[in-house]
Amino acid sequence: MDPLLRAVRHVEDILAGEMRTRSLLNAQKLGVFACLAEGGKSLEEIAGCLAIDNRAALSKLMDTLAGLGLVRRKQDQYENSLIARRTLVPGCAGYFGHFVDFLGDQYAAKSREGILENLRSGLPLRPELTPAEWQAYMAAMECIARLSADRIARCLDLSSARNLLDLGAGPGQYAIAFCQAWPKLIVTLYDLPQSLETAEQNIAGAGVGRQTRLVAGSATDTSFGGGFDVVFISHTIHLFDPEAAGRMLLAAASALKEGGTLVVRDFIMNRSKTEPLLGSLISLNMWLEGAAYSLDQIRSWMGSVGLSSIRRIRLSDPSEAQVVGALVAGRKLSRKRRG
Ligand SMILES: C[S@@+](CC[C@H](N)C(=O)[O-])C[C@H]1O[C@@H](n2cnc3c(N)ncnc32)[C@H](O)[C@@H]1O
């Protein structure tokens with residue numbers, strides 16, 4: 001292909017990203033996937049189900065969803081694709097719709113203009129979430145955690161651990177998976193009170209209340225006590241600027257027993273912060289005060305708080321890392337070995 005055409009194609013492809021997103025967000029908001037949950041429907045039936053008058057626009061939406069691989073068209077009927085059936089039909093085991101809704105709300109709250117202003121002026125821009133928005137946030141986190149919690153709980157060997165601190169525990173899925181995989185473990189969930197409300201319900205639902213403790217507080221301005229074999233921090237340091245993230249890791253390392261392990265799970269970026277691309281996209285567009293940190297940065301924090309043997313933990317299936325995330329662990333040496 002002519003290099004100019006290839007260059008234009010590349011830019012067009014980037015621009016199409018927003019249109020893909022809008023198509024999915026609108027379909028989800030209208031309830032397209034739920035409407036097709038029971039099987040294929042004609043355009044007329046979908047219009048009736050979604051109370052839509054504009055048939056021409058609905059037809060464009062449905063054909064676009066077919067192009068995106070979310071529905072399939074068979075003659076005059078549309079049906080959910082396998083991907084939609086697995087992720088977007090309410091009630092399915094891998095339901096991801098709460099995350100789609102949450103991201104839609106985030107796009108609305110963090111407008112392009114707002115992000116530009118943040119870039120120009122550096123002013124923090126994070127609107128306070130209402131209680132309902134916080135619940136939606138937790139529901140979104142739950143969608144992701146459901147896919148990875150068991151995998152992560154099983155890829156860490158916690159057979160000799162007795163106390164684990166889950167910092168920024170969110171809706172509690174990781175804590176629950178740790179309890180279920182390692183029945184001798186006591187897990188302390190530390191988070192803001194509004195997140196612990198959801199965690200408490202989930203823990204009760206999973207029947208692991210006797211293995212858990214809930215502690216409310218802010219992870220950036222406190223110490224977390226001591227005596228933990230493991231401190232686990234999942235997708236939380238990215239919310240904070242480097243100074244606050246560093247303070248959090250210092251407090252986390254102080255809470256470990258000698259020989260204990262700090263595990264950080266996040267989008268862990270390469271040295272040039274270009275990969276994984278999703279990490280840099282979310283970092284720029286969503287985490288206005290925080291960032292997706294690089295492996296070098298995390299290594300350097302861990303080293304500076306006295307951890308050693310810093311290593312990436314391999315998942316049993318490394319190809320799942322894009323969804324499950326990356327894990328880095330560092331071990332606290334005994335005082336004698338630290339010198
Ligand atoms: C992206 S969620 C991750 C939740 C969970 N660890 C997971 O991986 O699903 C970030 C969590 O950090 C918590 N958080 C944010 N600011 C915090 C703070 N200052 N202190 C403690 N937790 C905080 C939020 O309440 C939320 O539960």
Side-chain angles (χ1 to χ4, degrees), residues 96 98-99 102-103 105-106 110 124 126-153 155-156 164-179 187-203 206 212-225 230-252 255 262-268 278-279 282-283 285-293 313 315 321 323-328:
F96 208 62
H98 294 311
F99 190 77
F102 172 68
L103 223 62
D105 292 344
Q106 289 289 301
K110 294 170 183 165
R126 191 197 285 172
E128 286 286 309
L129 298 187
T130 63
E133 286 168 339
W134 201 280
Q135 272 191 353
Y137 172 37
M138 288 297 111
M141 294 306 107
E142 234 177 284
C143 282
I144 305 179
R146 248 189 284 116
L147 300 171
S148 32
D150 288 341
R151 287 174 166 87
I152 288 178
C155 82
L156 302 176
L164 180 147
L165 171 64
D166 183 353
L167 260 187
Q173 301 297 332
Y174 294 93
I176 292 168
F178 284 131
C179 292
V187 178
T188 301
L189 293 86
Y190 190 100
D191 207 310
L192 303 172
Q194 53 272 47
S195 293
L196 289 182
E197 273 177 33
T198 310
E200 193 169 12
Q201 289 166 13
N202 288 336
I203 280 168
T212 55
R213 314 259 177 282
L214 301 178
V215 180
S218 178
T220 51
D221 53 23
T222 189
S223 78
F224 312 112
V230 181
V231 176
F232 177 70
I233 309 180
S234 167
H235 276 207
T236 295
I237 61 167
H238 63 224
L239 298 175
F240 303 106
D241 64 31
E243 200 213 326
R247 271 205 317 273
M248 193 170 166
L249 293 196
L250 173 63
L262 172 62
V263 180
V264 172
R265 167 179 180 252
D266 224 295
F267 286 109
I268 293 175
L278 190 59
I282 295 189
S283 183
N285 291 284
M286 299 289 150
W287 306 327
L288 303 179
E289 291 158 34
Y293 294 110
I313 296 177
L315 300 169
V323 177
V324 177
L327 297 153
V328 179

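Each ligand, and each atom within it, is numbered from 1 in the order the structure gives. Below, all heavy atoms of this structure are taken into account, side chains as well, without hydrogens, waters or symmetry copies.
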Original post:
How does Trp287 reach ligand 1, by side chain, by backbone, by both or by neither, if only non-hydrogen atoms under 4.0 Å count?
Top reply: neither

Original post:
Of Leu262, Asp166, Thr188, which meets side chain to side chain contact (heavy atoms under 4.5 Å, CB included) against Val231?
Top reply: Leu262

Original post:
Thr236 heavy atoms, cut-off 4.0 Å: which ligand 1 atoms fall inside?
Top reply: 3 (C), 10 (C), 11 (C), 12 (O)

**OP:** Ignoring angles and geometry beyond distance, decide whether Ala219 reaches within less than 3.5 Å of ligand 1 through its nitrogen or oxygen atoms.
**Re:** yes

Original post:
Are Ser283 and Tyr293 linked by a side-chain donor-acceptor pair shorter than 3.5 Å?
Top reply: no

Subject >> Sub-3.5 Å N/O-N/O distance, His235 and ligand 1 >> reply: no

**OP:** Just jot down the ligand 1 atoms closer than 4.0 angstrom to any heavy atom of Met141, in number order.
**Re:** 1 (C), 2 (S)

Subject >> Nearest-0.5 Å distance, CD of residue Gln201 to CE of residue Met138 >> reply: 12.0 Å

Original post:
Which of the numbered atoms in ligand 1 are below 4.0 angstrom from a heavy atom of Arg265?
Top reply: 8 (O)

Original post:
So, is Ser234 polar-close to ligand 1, with some N/O to N/O distance under 3.5 Å?
Top reply: yes

Subject >> From NE2 (His238) to OG1 (Thr236), nearest 0.5 Å >> reply: 6.5 Å

Original post:
Once you round to the nearest 0.5 Å, how far does CZ of Arg265 lie from CD1 of Ile152?
Top reply: 4.0 Å

Subject >> Polar atom proximity, Asp191 to ligand 1 (N or O, under 3.5 Å) >> reply: yes

Original post:
How many angstroms lie between atom CD of Gln106 and atom CH2 of Trp287, to the nearest 0.5 angstrom?
Top reply: 11.5 Å

Subject >> Nearest heavy-atom neighbours spanning Leu189 and Ala199 >> reply: CD2-CB, 4.0 Å

Subject >> Sidechain-backbone polar pair: Asp191 side chain, Gly170 backbone, donor-acceptor under 3.5 Å >> reply: yes

Subject >> Residue part near ligand 1, for Ile144, under 4.0 Å between non-hydrogen atoms >> reply: neither

Original post:
Looking at Gly217, which atoms of ligand 1 are within less than 4.0 Å of one of its heavy atoms?
Top reply: 20 (N), 21 (C)

Subject >> Part of Trp134 within contact of ligand 1 (heavy atoms, under 4.0 Å) >> reply: side chain

Original post:
What distance separates Met141 CE from Gln173 CD, expressed to the nearest 0.5 Å?
Top reply: 12.0 Å

Original post:
Does ligand 1 have a heavy atom under 4.0 Å from the side chain of Gln173, from its backbone, from both, or from neither?
Top reply: neither

Original post:
Do Ile176 and Ile203 pass the side chain to side chain contact (heavy atoms under 4.5 Å, CB included) test, and can you show the C-alpha distance, the side-chain angles, and the key distance before you say yes or no?
Top reply: CA-CA 7 Å; Ile176 292 168; Ile203 280 168; 4.1 Å; yes

**OP:** Could you tell me which atoms of ligand 1, counted from 1 in the order shown, lie closer than 4.0 angstrom to a heavy atom of Ser195?
**Re:** 24 (C), 25 (O), 27 (O)

Original post:
Quick one: which ligand 1 atoms are inside 4.0 Å of a heavy atom on Leu239?
Top reply: 10 (C), 12 (O), 15 (C)

**OP:** Using distance alone, determine whether Met138 and ligand 1 share an N or O pair under 3.5 Å.
**Re:** no

